[in-house]
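See structure below.
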Protein chains: 2
Amino acid sequence: MNAIPIGKLSVATDVNIETIRYYEREGILPLPKRSENGRRIYFEEDVRRLNFIHKCRGLGFSLKEIRGLLSLVDTGDFTCGEIHALTIEHTRQIAEKIENLRRMQEVLLEMAAHCSKGKVPDCPIIDSLYE
Amino acid sequence: MNAIPIGKLSVATDVNIETIRYYEREGILPLPKRSENGRRIYFEEDVRRLNFIHKCRGLGFSLKEIRGLLSLVDTGDFTCGEIHALTIEHTRQIAEKIENLRRMQEVLLEMAAHCSKGKVPDCPIIDSLYE
DNA sequence: TGTGCATCCTGTAGTAACTACAGAATACAG
DNA sequence: CTGTATTCTGTAGTTACTACAGGATGCACA
């Protein structure tokens with residue numbers, strides 16, 4: 001139920017119409033149902049999946065990596081060991097991303113704070129991401 | 001001191017040599033000194049800057065956005081108000097990225113935990129990034 | 001019941017951010 | 001001093017979009 005055309009999906013997810021069709025060609029979005037006249041029809045599930053893909057892209061995951069994440073849910077027949085192998089590397093990667101962002105955040109906030117006290121900031125931002 | 005050639009910079013930062021030259025062409029890395037025979041010479045500062053750029057890219061920032069972040073440190077003549085304007089939007093964006101990653105992390109860990117108890121996971125991962 | 005503007009279709013071409021390769025010069029280890 | 005490694009410039013290919021072009025269909029409104 002609640003069928004929507006590609007334009008509405010685009011607005012709902014803030015993903016460009018052409019990008020949606022590109023994801024379809026790439027097999028990262030499933031082939032949607034079509035209306036009698038060949039127009040694509042989407043449902044709530046597609047909105048969720050596309051939101052997920054879009055946010056992952058914004059977090060620096062490649063389409064290949066996203067395919068890997070989606071495979072966790074697309075096929076329900078992974079063994080326990082496989083799930084572990086797939087999630088462990090991803091959680092490690094995510095933890096690292098969070099840590100890097102946390103450091104950037106810290107330095108930016110500090111910068112703004114110093115600044116508001118009238119001090120000209122010097123240059124700690126770059127070091128913040130250097131291990 | 002401690003001058004290194006492009007190959008060492010590439011190894012030190014895990015950034016492809018061709019990508020380093022590409023960043024130079026794009027003006028995101030400064031034109032380096034050259035040896036007598038025209039070979040690029042880098043220093044510790046370049047390692048830090050390139051590490052920063054590389055990590056930002058891995059966190060989903062575009063080169064344009066990274067240019068904006070670097071401008072905070074490249075020119076020391078921002079006014080306090082400008083620093084605030086630039087940092088506030090960035091910190092908002094970073095907070096959002098952290099929150100999205102945190103949710104993904106939670107769901108992946110939960111998935112692995114359920115799995116290790118022998119339960120077949122169903123499908124919460126996609127919802128985790130759906131507001 | 002027309003009619004005109006919005007939305008959709010396919011297909012192709014352009015852009016951003018790399019990445020790889022060709023062909024030549026220089027560095028340096030044994 | 002000779003051969004393998006590294007660097008150089010320049011160009012072409014790849015990934016992930018993004019923007020048309022040209023045509024068909026949908027739908028609000030007179």
Side-chain angles (χ1 to χ4, degrees), chain A residues 2-43 46-47 49-71 93 97 129, chain B residues 2-43 46-47 49-71 93 97 129:
Chain A
N2 241 340
I4 53 170
I6 197 167
K8 302 263 181 195
L9 179 63
S10 171
V11 169
T13 57
D14 199 28
V15 173
N16 200 307
I17 289 184
E18 335 270 14
T19 306
I20 295 172
R21 290 196 276 251
Y22 170 74
Y23 286 160
E24 183 183 318
R25 283 197 300 282
E26 291 298 304
I28 202 151
L29 282 180
L31 293 173
K33 274 190 188 165
R34 298 282 185 140
S35 72
E36 286 175 13
N37 325 296
R39 296 190 170 199
R40 291 169 179 81
I41 302 172
Y42 296 99
F43 298 90
D46 300 297
V47 176
R49 189 182 182 95
L50 187 50
N51 262 319
F52 176 78
I53 294 164
H54 188 48
K55 292 195 174 181
C56 282
R57 289 292 298 131
L59 295 167
F61 292 96
S62 67
L63 288 190
K64 198 176 164 192
E65 288 168 327
I66 294 168
R67 251 185 271 269
L69 283 162
L70 288 171
S71 76
Q93 197 184 353
K97 281 176 193 281
L129 290 183
Chain B
N2 241 337
I4 54 170
I6 197 168
K8 302 263 182 200
L9 179 63
S10 171
V11 169
T13 57
D14 199 29
V15 173
N16 201 306
I17 289 184
E18 335 270 15
T19 306
I20 295 172
R21 289 195 278 250
Y22 169 73
Y23 286 160
E24 182 183 319
R25 282 198 301 282
E26 291 298 304
I28 203 150
L29 282 180
L31 292 174
K33 274 190 187 161
R34 298 283 185 140
S35 72
E36 286 174 12
N37 324 296
R39 296 190 170 199
R40 291 169 179 82
I41 301 171
Y42 296 99
F43 299 90
D46 300 298
V47 177
R49 189 182 181 94
L50 187 50
N51 262 318
F52 176 77
I53 295 164
H54 188 48
K55 292 194 175 183
C56 282
R57 288 291 298 132
L59 295 167
F61 292 96
S62 68
L63 288 188
K64 199 177 163 192
E65 288 168 328
I66 294 169
R67 250 185 272 267
L69 283 162
L70 288 171
S71 76
Q93 197 184 352
K97 281 176 192 283
L129 291 183

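Basis for what follows: all heavy atoms, side chains included, without hydrogens, waters or symmetry-related copies. Order of the sequence lines fixes the chain letters, A, B, ..., with proteins taken first and strands second; residue numbering starts at 1 for each chain. None of these values were measured; they are calculated from a predicted model.
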Q: Could you walk me through whether B:Ile20 and B:Glu24 pass side-chain contact (heavy atoms from CB on, under 4.5 Å), step by step?
A: CA-CA 6 Å; B:Ile20 295 172; B:Glu24 182 183 319; 5.7 Å; no
Q.
I want to check one thing: is the phosphate of D:dC17, taken as OP1 and OP2, less than 4.0 Å away from some side-chain N or O of A:Tyr23?
A. yes
Q: Please determine if a side-chain N or O atom of A:Arg57 lies less than 4.0 Å away from the OP1 or OP2 oxygen of D:dC17.
A: yes
Q: Would you name the heavy atoms of A:Thr13 and A:Leu50 that are closest together and state the gap between them?
A: OG1-CD2, 3.5 Å
Q. What's the CD1-C1' distance between B:Ile20 and C:dA20, to the nearest Å?
A. 15 Å
Q) Under 4.0 Å between a side-chain N or O of B:Asn16 and OP1 or OP2 of C:dA20? A) yes
Q) Within the pair B:Arg34 and D:dT9, is there a side-chain N or O less than 4.0 Å away from OP1 or OP2? A) yes
Q) Expressed in angstrom and rounded to an integer, what is the separation of A:Tyr22 atom OH from D:dA19 atom P? A) 15 Å
Q. Rounding to a whole Å, what distance do you find between B:Lys8:NZ and C:dC28:P?
A. 10 Å
**Q.** Residue whose closest nucleotide on DNA chain C lies nearer the 5' end, A:Ile17 versus B:Ser35
**A.** A:Ile17
Q) C:dC18 C1' sits how many Å from B:Glu24 CD, rounded? A) 15 Å
(Q) Rounding to an integer number of Å, can you tell me how far A:Arg39 CZ sits from C:dT7 P? (A) 10 Å
Q: Specify the separation, in whole Å, of atom CZ of B:Arg25 and atom P of D:dT11.
A: 11 Å
Q.
Between A:Arg39 and A:Ile6 (side chain of the first, backbone of the second, donor and acceptor by atom type, cut-off under 3.5 Å), is there such a pair?
A. no
Q. Does B:Glu18 or B:Gly7 map to a spot on DNA chain D nearer the 5' end, using the closest nucleotide for each?
A. B:Gly7
Q: Using only side-chain N and O atoms of B:Arg21, determine if any of them is under 4.0 Å from OP1 or OP2 of C:dA17.
A: no
Q. For the side chain of A:Glu26 and the base of D:dC17, is some donor closer than 3.5 Å to an acceptor across the two?
A. no
(Q) In whole Å, I'd like the distance from the CD1 atom of B:Ile6 to the P atom of C:dA25. (A) 20 Å
Q. What's the NZ-P distance between A:Lys64 and C:dT19, to the nearest Å?
A. 12 Å
(Q) Side-chain N or O of A:Asn37 versus OP1/OP2 of C:dC8: is the shortest distance under 4.0 Å? (A) no
(Q) Test side-chain contact (heavy atoms from CB on, under 4.5 Å) on B:Phe61 and B:Lys97; report intermediate values, then the result. (A) CA-CA 10 Å; B:Phe61 292 96; B:Lys97 281 176 192 283; 3.8 Å; yes
Q: Locate the shortest heavy-atom distance separating A:Glu26 from A:Arg67; write the atom from each residue and the value.
A: O-NH1, 2.7 Å
Q) Has the side chain of B:Arg40 got a donor or acceptor that lies under 3.5 Å from a partner of the other kind on the base of D:dT7? A) no
Q: Ignoring backbone atoms, establish whether A:Thr19 has a side-chain N or O less than 4.0 Å from OP1 or OP2 of D:dC17.
A: no
